[in-house]
Amino acid sequence: MSSCLVAPPWPCSSMAEVRQHHSLLLRLGLSTDNYAMSRILTFCSLSNHGDINYALKLFTTLPNPDTFVYNTLFKAFFICDSPSLSLLFYSHMLQRSLTPNSFTFPSLVRACKLQQEVKQLHAHVLKFGFGADTFTLNNLIHAYFAFGSLDDARRVFYTIPNPNVVSWTSLVSGYSQLGLVDEAFHVFELMPSKNGVSWNAMIACFVKNNRFREAFDLFRKMRVEEVEVDRFVAATMLSACTGVGALEQGKWIHGCVERNGIVLDSKLGTAIVDMYCKCGCLDKAFRVFCRLEVKGASSWNCMIGGFAMHGRGEDAIRLFREMEEEGVVVPDDITFVNVLTACAHSGLVEEGFFYFRYMVDVHGIEPNKEHYGCMVDLLARAGRLEEAKKVIYEMPMSPDAAVLGALLGACRIHGNLVLGEEVGKRVIELDPGNSGRYVTLGNIYARCGKWEQVAGVRKLMNDRGVKKEPGFSMIEMEGMVNEFVAGGRDHPLAEAIYAKVHEMLEAIRVVGYVPDTDDVLHDLVEEEKENPLFYHSEKLAIAYGLLKTKRGETLRVTKNLRVCKDCHQASKLISKVYDCDIIIRDRNRFHHFSNGECSCKDYW
DNA sequence: TTAGGGTTAG
């Protein structure tokens with residue numbers, strides 16, 4: 001009997017259906033027919049509703065599997081990330097004297113976990129005559145880039161007789177992965193033809209490397225060329241808006257998703273939620289979150305993290321409980337990082353301890369360094385420095401700079417010179433290229449009036465060639481992102497902005513503002529040291545915001561570093577005097593200033 | 001007679 005007569009209708013939708021067809025085929029005596037069995041195998045191996053173990057069992061019953069059967073398994077092994085099985089089966093295939101075809105190598109090379117394996121397979125690609133096969137070579141480019149082998153990847157590209165748009169885009173995204181943004185852009189401009197994927201790869205490259213302005217510019221150009229905004233570009237641009245806190249543009253992309261009827265899958269939905277969280281619109285984020293039809297673990301994690309960042313610890317915990325009750329997705333390690341962060345940022349020490357144990361006892365998740373870091377942060381922020389030290393001492397792995405950094409940060413908050421000095425020196429040795437560590441130690445010294453030590457830290461930085469990461473603040477106005485650096489005068493309205501800063505400072509002095517120089521790593525004499533403080537980037541951004549908005553409107557500022565104590569105090573008073581809400585997102589969290597108070601309750 | 005590649009959130 002011809003096997004095509006009994007091929008099951010395609011596609012199957014469940015394993016139950018597949019099992020029925022399988023038993024039918026067995027009854028018809030087709031158990032050794034590769035073609036008939038391949039249809040079953042393909043569903044089990046590749047469908048979301050399949051079952052790879054069933055596929056493997058079926059495979060063992062085939063007396064003479066052919067190349068097609070092997071190719072199907074290679075693809076499955078690539079998808080489920082089982083590189084060792086791929087290579088094992090490949091050698092079986094060769095032992096059976098089966099010849100690879102053009103479908104064999106793409107999945108095989110992509111599954112490799114060692115560069116050496118890619119090289120060996122590359123040799124086989126040439127030996128079996130696929131040295132001019134575009135599909136195979138495109139995948140080799142990918143495989144080489146995954147190991148950072150730029151030269152190998154490029155060499156492969158130049159051997160492709162007729163590189164197609166996929167070849168070119170693979171090159172762009174490879175450069176992007178390696179952080180070679182200018183090279184990626186150069187390739188992008190050389191491309192003979194581009195499609196939506198290519199545009200997205202290039203925009204994503206800018207976003208990933210924090211070159212947001214260029215991402216926005218390229219997106220604009222893409223729209224001028226009438227390239228359709230699909231779910232990928234939308235997600236990438238949302239991430240750009242998230243990066244700079246560009247709420248208006250983020251809203252526009254969200255609207256675009258709705259207008260174009262783009263289906264909200266879990267990733268895109270999460271990107272929208274994340275954008276609203278990180279642009280300071282927590283309630284809007286929550287409304288979108290609640291309406292998401294597909295919520296992955298990341299969607300929950302993102303929303304819980306959003307509450308955490310905004311200092312709404314109780315809401316974060318409540319949402320975590322809902323996640324458990326709904327029971328569709330299980331909490332993972334990131335969920336608990338966010339729950340613990342929420343506790344730390346809201347001073348919920350006992351709750352933090354509870355969930356740390358709960359994670360292990362109920363969910364069987366062993367704490368990793370990040371979880372220990374959260375516990376150190378939780379205790380140390382609350383002033384329980386000795387207990388924080390004990391956590392570090394007792395953790396099973398050696399503490400890294402991030403864990404010790406949490407303790408160091410708390411020493412700064414609580415002005416603990418002795419511990420701060422000890423921890424600060426250790427952190428700097430663990431993370432010598434990170435300017436933030438030096439600055440924090442310097443601030444601890446400065447707060448205690450230890451100017452000689454402040455100078456010592458500064459000298460150490462200079463000697464090692466470590467530059468202080470320049471602080472900048474961004475504020476979006478009329479759809480444009482305005483960027484300010486401390487003391488900068490590049491803005492076209494610089495004069496008016498500085499005049500506004502002076503007006504602001506005068507106005508808050510009346511209600512008791514006294515400059516706070518604790519956080520300034522400086523070498524100026526006492527009476528001069530107020531000045532640089534007045535022109536910190538967040539003050540310039542706020543002044544610009546006040547200039548451009550009506551009284552009472554909310555100002556949203558994004559800062560790349562932690563907001564300093566003086567700017568924090570000044571922002572509180574500005575919110576009161578100017579009767580406006582100011583929302584500042586700093587490196588760690590959000591500060592909502594309203595009527596002279598901050599949502600962080602000065603606990604940051 | 002069976003099938004492919006490059007892009008997106010946390």
Side-chain angles (χ1 to χ4, degrees), chain A residues 2-5 7-8 10 33-43 45-46 66-76 78-79 101-110 133-143 145 157 160 163-174 176-177 191 194-205 207-208 229-243 253 257 262 264-275 277-278 292 294-306 308 329 332-335 337-338:
Chain A
S2 161
S3 56
C4 24
L5 293 178
W10 198 254
D33 185 303
N34 280 328
Y35 176 70
M37 288 303 158
S38 288
R39 305 191 68 111
I40 306 274
L41 192 72
T42 305
F43 181 88
S45 311
L46 305 178
D66 59 9
T67 300
F68 183 91
V69 166
Y70 274 102
N71 289 350
T72 307
L73 287 180
F74 294 149
K75 190 164 181 191
F78 167 53
I79 292 171
N101 65 18
S102 66
F103 288 83
T104 305
F105 292 107
S107 329
L108 270 182
V109 299
R110 294 290 297 279
D133 181 70
T134 313
F135 274 99
T136 303
L137 298 180
N138 288 349
N139 279 286
L140 263 175
I141 292 178
H142 241 266
F145 270 122
F157 178 82
I160 304 177
N164 60 16
V165 66
V166 178
S167 323
W168 285 93
T169 306
S170 301
L171 204 56
V172 169
S173 71
S176 167
Q177 259 180 57
M191 286 181 75
K194 306 175 175 79
N195 63 15
V197 180
S198 337
W199 282 89
N200 183 47
M202 193 58 231
I203 296 173
C205 174
V207 175
K208 215 178 292 168
V229 177
D230 64 6
R231 67 198 164 103
F232 293 107
V233 178
T236 302
M237 284 314 296
L238 283 163
S239 148
C241 297
T242 304
I253 305 279
V257 167
I262 298 173
L264 274 196
D265 60 9
S266 159
K267 282 190 178 184
L268 183 56
T270 307
I272 295 173
V273 171
D274 194 39
M275 182 276 292
C277 281
K278 298 217 174 92
L292 285 185
V294 205
K295 296 187 185 88
S298 297
S299 320
W300 290 91
N301 293 350
C302 179
M303 195 63 233
I304 293 171
V329 285
D332 58 16
D333 53 333
I334 298 168
T335 314
V337 168
N338 292 353

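Chain identifiers are assigned alphabetically (A, B, ...) following the order of the sequence lines, protein sequences preceding nucleic acid strands; residue numbering begins at 1 within each chain.
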Side chain of A:N138 - closest among B:dG10, B:dT8, B:dG5 = B:dG5

Of the candidate nucleotides B:dT7, B:dG5, B:dT8, which contains the atom at the shortest distance from the side chain of A:T236?
-> B:dT8

Hits for salt bridge (Lys or Arg N to Asp or Glu O under 4.0 Å) against A:R231, two or more places apart or cross-chain, chain-then-number order -> A:D265

With sequence neighbours excluded, tell me which residues meet salt bridge (Lys or Arg N to Asp or Glu O under 4.0 Å) with A:K278.
-> A:D274

Starting at atom [atom1] of [X], determine the distance to atom [atom2] of [N], rounded to an integer number of angstrom.
| X | N | atom1 | atom2 | answer |
| --- | --- | --- | --- | --- |
| A:R110 | B:dT7 | CZ | C1' | 12 Å |
| A:F105 | B:dG4 | CZ | P | 19 Å |
| A:N101 | B:dG5 | CG | C1' | 15 Å |
| A:Y70 | B:dA3 | OH | P | 21 Å |
| A:L264 | B:dA9 | CG | P | 16 Å |
| A:F43 | B:dA3 | CZ | P | 16 Å |
| A:I160 | B:dG5 | CD1 | P | 16 Å |
| A:D265 | B:dG10 | CG | C1' | 14 Å |

Nearest 0.5 Å, what's the CG-CZ distance between A:N101 and A:F68?
-> 9.5 Å

Could you state the interatomic distance from CG (A:N139) to CG (A:L108), rounded to the nearest 0.5 Å?
-> 10.5 Å

Touch class at under 4.0 angstrom, heavy-atom based, for [X] against every strand present:
| X | answer |
| --- | --- |
| A:K208 | sugar-phosphate |
| A:D274 | sugar-phosphate |
| A:S102 | base |
| A:S198 | base |
| A:S107 | nothing |
| A:V165 | base |

Hey, does the side-chain of [X] have a donor or acceptor N/O within less than 3.5 Å of a partner on the base of [N]?
| X | N | result |
| --- | --- | --- |
| A:S170 | B:dG6 | no |
| A:N139 | B:dG6 | no |
| A:Y35 | B:dT2 | no |
| A:N71 | B:dA3 | yes |

ring centroid sep under 5.5 Å plus plane angle under 30, A:F68 with B:dA3 | no

Does A:I160 reach the side chain of A:N138, with side-chain heavy atoms less than 4.5 Å apart?
-> yes

